[in-house]
Amino acid sequence: MPELPEVETVVRELRRRIVGKTIDRVRVHWERSIHGRADEFRRRLANGTVRAVSRRGKFIGFELQDGTFFTIHLRMTGRLVQEPNAADKKHVRIEFRFRDGSALHFVDARKFGRLRLWPCKSQSCPGLGPEPLRAEMVRGTLQRLTTRRPLKTVLLDQTVLAGVGNIYADESLFAAGIHPLTPACQLDDGRREKLSRVLPDVLRGAIQRNGTTLRDYRTVAGARGENRERLQAYGRTGQPCFVCGATIEKIRISGRSAHFCPHCQRSLK
DNA sequence: AACAGCACCTGTAGGC
DNA sequence: TGCCTACAGGTGCTGT
């Protein structure tokens, strides 16, 4: 669920809350939430002090004073909370206890999220495309595309751009007036320029509103993201387009739902 | 290369 | 308060 804006929101909160804290121990309640050996993960983290928290695409990075580097990927329902409420308790998968008595809990109903140790920060998360927060970066990436795959599919490909998921792919294509099935190599200069400018804007706007809460996503403080009310296409199937009044449609593109306005996003026909 | 299909999991919503 | 199905913000693997 969490895409770049939601992960960025969580990272900013974690910086304030856990940088400088020393991990006393890690409790693993569901071993498969750890990529690799759980006992090694526990051992490497115990007694480590958090030096920095970072984001790369949808990965949250944690760097300890001794150089140990690990990531958390929230996938669909992963969340980080300091203290779980009654409903969260049955879904706590990993528990970090700090020396100062505070804690951080990885809560994940669907168990898709993963924690992973890497040799070091520079060798983590290989294969990710560039961050889509700057128009020049997006423009360069889109210019190099030679594939005929639908743009919607390409935007979801983390090796092309890191951090875009189903919500913001749909929202940025809507804002750019581009049909989600448009072959990536057939983007004309005007639409490419538009998408390059609009994608970073959509993401930054969502970050300002602490992300989009549909159901599970919460900030570390437990708040909902406020970007949902701004969605123009995602989740609005059957409702009128805010721009032209046409009915928002939902189709399937490579196994994912794609929401769009058949009038505002006509670049296919 | 690119796609479909399934796997990984649980919760929820809707139809009956 | 039952049963059954479809669907969900993500990714990775297999087979065609």
Side-chain angles (χ1 to χ4, degrees), chain A residues 1-10 29-36 55-60 71-80 84-94 106-116 124-129 144-174 180-186 202-203 206-207 209-219 224-238 250-259:
Chain A
M1 138 287 137
E3 306 179 27
L4 187 155
E6 292 74 35
V7 177
E8 178 65 24
T9 300
V10 168
H29 301 281
W30 182 254
E31 293 225 350
R32 287 159 74 181
S33 293
I34 313 259
H35 178 106
R55 181 191 59 75
R56 178 78 175 94
K58 300 172 192 170
F59 288 85
I60 304 168
T71 55
I72 299 182
H73 195 303
L74 302 171
R75 295 281 183 99
M76 295 287 268
T77 54
R79 284 161 39 214
L80 290 168
N85 61 31
D88 293 338
K89 278 195 173 124
K90 74 192 263 208
H91 298 131
V92 171
R93 309 303 178 199
I94 309 291
F106 173 64
V107 175
D108 185 18
R110 289 179 72 179
K111 300 177 175 171
F112 287 169
R114 289 290 177 272
L115 285 67
R116 180 169 185 169
S124 65
C125 314
L128 288 182
R144 274 176 247 115
L145 293 172
T146 55
T147 179
R148 299 175 47 105
R149 296 156 76 204
L151 254 179
K152 169 64 187 271
T153 306
V154 169
L155 289 178
L156 293 179
D157 184 341
Q158 302 298 297
T159 70
V160 175
L161 289 170
V164 182
N166 217 22
I167 297 175
Y168 302 108
D170 283 359
E171 291 301 302
S172 57
L173 288 172
F174 175 90
L181 283 173
T182 307
C185 61
Q186 284 177 25
V202 166
L203 296 171
I207 291 170
R209 303 175 85 88
N210 295 322
T212 303
T213 294
L214 297 173
R215 168 175 286 150
D216 303 291
Y217 165 71
R218 292 292 184 285
T219 69
R224 307 169 70 92
E226 301 121 44
N227 194 61
R228 184 177 189 172
E229 61 201 64
R230 292 191 110 200
L231 298 184
Q232 307 284 303
Y234 187 88
R236 300 199 62 246
T237 315
K250 174 160 91 167
I251 59 176
R252 287 243 148 223
I253 302 177
S254 53
R256 310 296 302 280
S257 62
H259 312 72

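Just so we're on the same page: letters track the sequence lines, and every chain starts at 1. The structure displayed is predicted, hence computed values, not measured ones.
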Checklist entry - Under the 5.5 Å and 30° test, is A:Phe112 stacked on the base of B:dC8? => result yes
Please enumerate all protein N or O atoms sitting under 3.5 Å from an N or O of nucleotides 4-7 of chain B, with distances to 0.1 Å.
none

Next on the checklist: Check this one for me: any side-chain N or O of A:Ser257 less than 4.0 Å away from OP1 or OP2 of C:dC7?
Outcome noted: no
Checklist entry - In whole angstroms, how far is the C1' atom of C:dA8 from the CD atom of A:Glu3? => result 12 Å
Checklist entry - Which part of the nucleic acid, if any, lies within contact of A:Pro5, taking any heavy atom under 4.0 Å across all strands shown: a base, the sugar-phosphate backbone alone, or nothing? => result nothing
Checklist entry - Heavy-atom distance under 4.5 Å between the side chains of A:Phe106 and A:Leu80, does that happen here? => result yes
Checklist entry - Has A:His73 got a side-chain N or O lying under 4.0 Å from the OP1 or OP2 atom of C:dT11? => result yes
Checklist entry - Is any side-chain heavy atom of A:Asn227 closer than 4.5 Å to a side-chain heavy atom of A:Pro5? => result no
Checklist entry - Does A:Arg224 use its side chain to pair, donor to acceptor, with the backbone of A:Thr219 at less than 3.5 Å? => result no
Checklist entry - Can a side chain N or O of A:Gln158 be found less than 4.0 Å away from OP1 or OP2 on C:dT11? => result yes
Item to check | By ring-ring contact (aromatic ring centres under 6.0 Å, His included) - contacts of A:Tyr168 (at least two apart) | outcome: none
Item to check | Atom-pair distance (CZ on A:Arg149; C1' on B:dC3), nearest Å | outcome: 10 Å
Checklist entry - Quick one: A:Leu145 CG to B:dA1 P, roughly how many Å, whole number? => result 14 Å
Next on the checklist: Quick one, A:Glu171 and A:Arg230 - any side-chain contact, counting heavy atoms below 4.5 Å?
Outcome noted: no
Next on the checklist: Applying a 4.0 Å non-hydrogen cut-off, can you work out what A:Arg252 is touching in the nucleic acid: base, sugar-phosphate, or nothing?
Outcome noted: sugar-phosphate
Next on the checklist: I'd like the C1' distance from C:dC3 over to B:dC8, given in whole Å.
Outcome noted: 25 Å
Checklist entry - Residues in ring-ring contact (aromatic ring centres under 6.0 Å, His included) with A:Tyr234, at least two apart? => result A:His259
Checklist entry - Please give, in whole Å, the distance from C:dA8 P to A:Asp170 CG? => result 11 Å
Each nucleotide N or O in nucleotides 10-12 of chain B that has a protein N or O under 3.5 Å away: list the pair and distance.
from	atom 1	to	atom 2	distance (Å)
B:dT10	OP1	A:Lys111	NZ	2.8
B:dG11	OP1	A:Lys90	NZ	3.3
B:dG11	OP1	A:His91	NE2	2.9

Next on the checklist: According to ring-ring contact (aromatic ring centres under 6.0 Å, His included), who are the partners of A:His91, at least two apart in sequence or on a separate chain?
Outcome noted: none
Item to check | Interatomic distance, A:Arg114 CZ vs B:dC8 C1' [rounded to whole Å] | outcome: 7 Å
Next on the checklist: Donor-acceptor check, side chain of A:Glu3 to backbone of A:Ile167, threshold 3.5 angstrom: yes or no?
Outcome noted: yes
Next on the checklist: Rounded to whole Å, how long is the line connecting atom CZ of A:Phe106 with atom P of B:dC9?
Outcome noted: 13 Å
Next on the checklist: Could you tell me how far C:dC7 sits from B:dA4 if I compare only their P atoms? Round to whole Å.
Outcome noted: 15 Å
Checklist entry - Among the nucleotides B:dA2, B:dC9, C:dT11, which one has an atom lying closest to any side-chain atom of A:Thr147? => result B:dA2
Checklist outcome for this item: Closest heavy-atom pair, A:Asp108 versus A:Gly113, reported as atoms and distance to 0.1 Å, is OD2-N, 2.8 Å
Checklist outcome for this item: Between CG of A:Leu214 and P of C:dA8 the distance, given in whole Å, is 11 Å
Next on the checklist: Let me confirm one number: the CG-CG distance from A:Asn166 to A:Leu155, rounded to the nearest 0.5 Å.
Outcome noted: 10.5 Å
Checklist entry - Is DNA chain B part of any stem, that is, at least 3 consecutive Watson-Crick or G-U pairs with both distances under 3.5 Å, and where? => result B:2-8 with C:10-16, B:10-16 with C:2-8
Item to check | Side-chain N or O of A:Lys250 closer than 4.0 Å to phosphate OP1/OP2 of C:dC7 | outcome: no
Checklist outcome for this item: Shortest non-hydrogen pair, A:Lys152 vs A:Asp170, comes out as NZ-OD1, 2.6 Å
Item to check | Flag, side chain of A:Gln158 to backbone of A:Val164, donor-acceptor distance under 3.5 Å | outcome: yes
Checklist outcome for this item: Between A:Arg56 and A:Leu128 the two heavy atoms that sit nearest each other are NH2-O, 3.3 Å
Next on the checklist: Please report the distance separating the C1' of B:dC9 from the corresponding atom of C:dG2, rounded so that it comes out in whole Å.
Outcome noted: 23 Å
Item to check | Length of the CG-C1' vector between A:Leu155 and C:dG10, whole Å | outcome: 15 Å
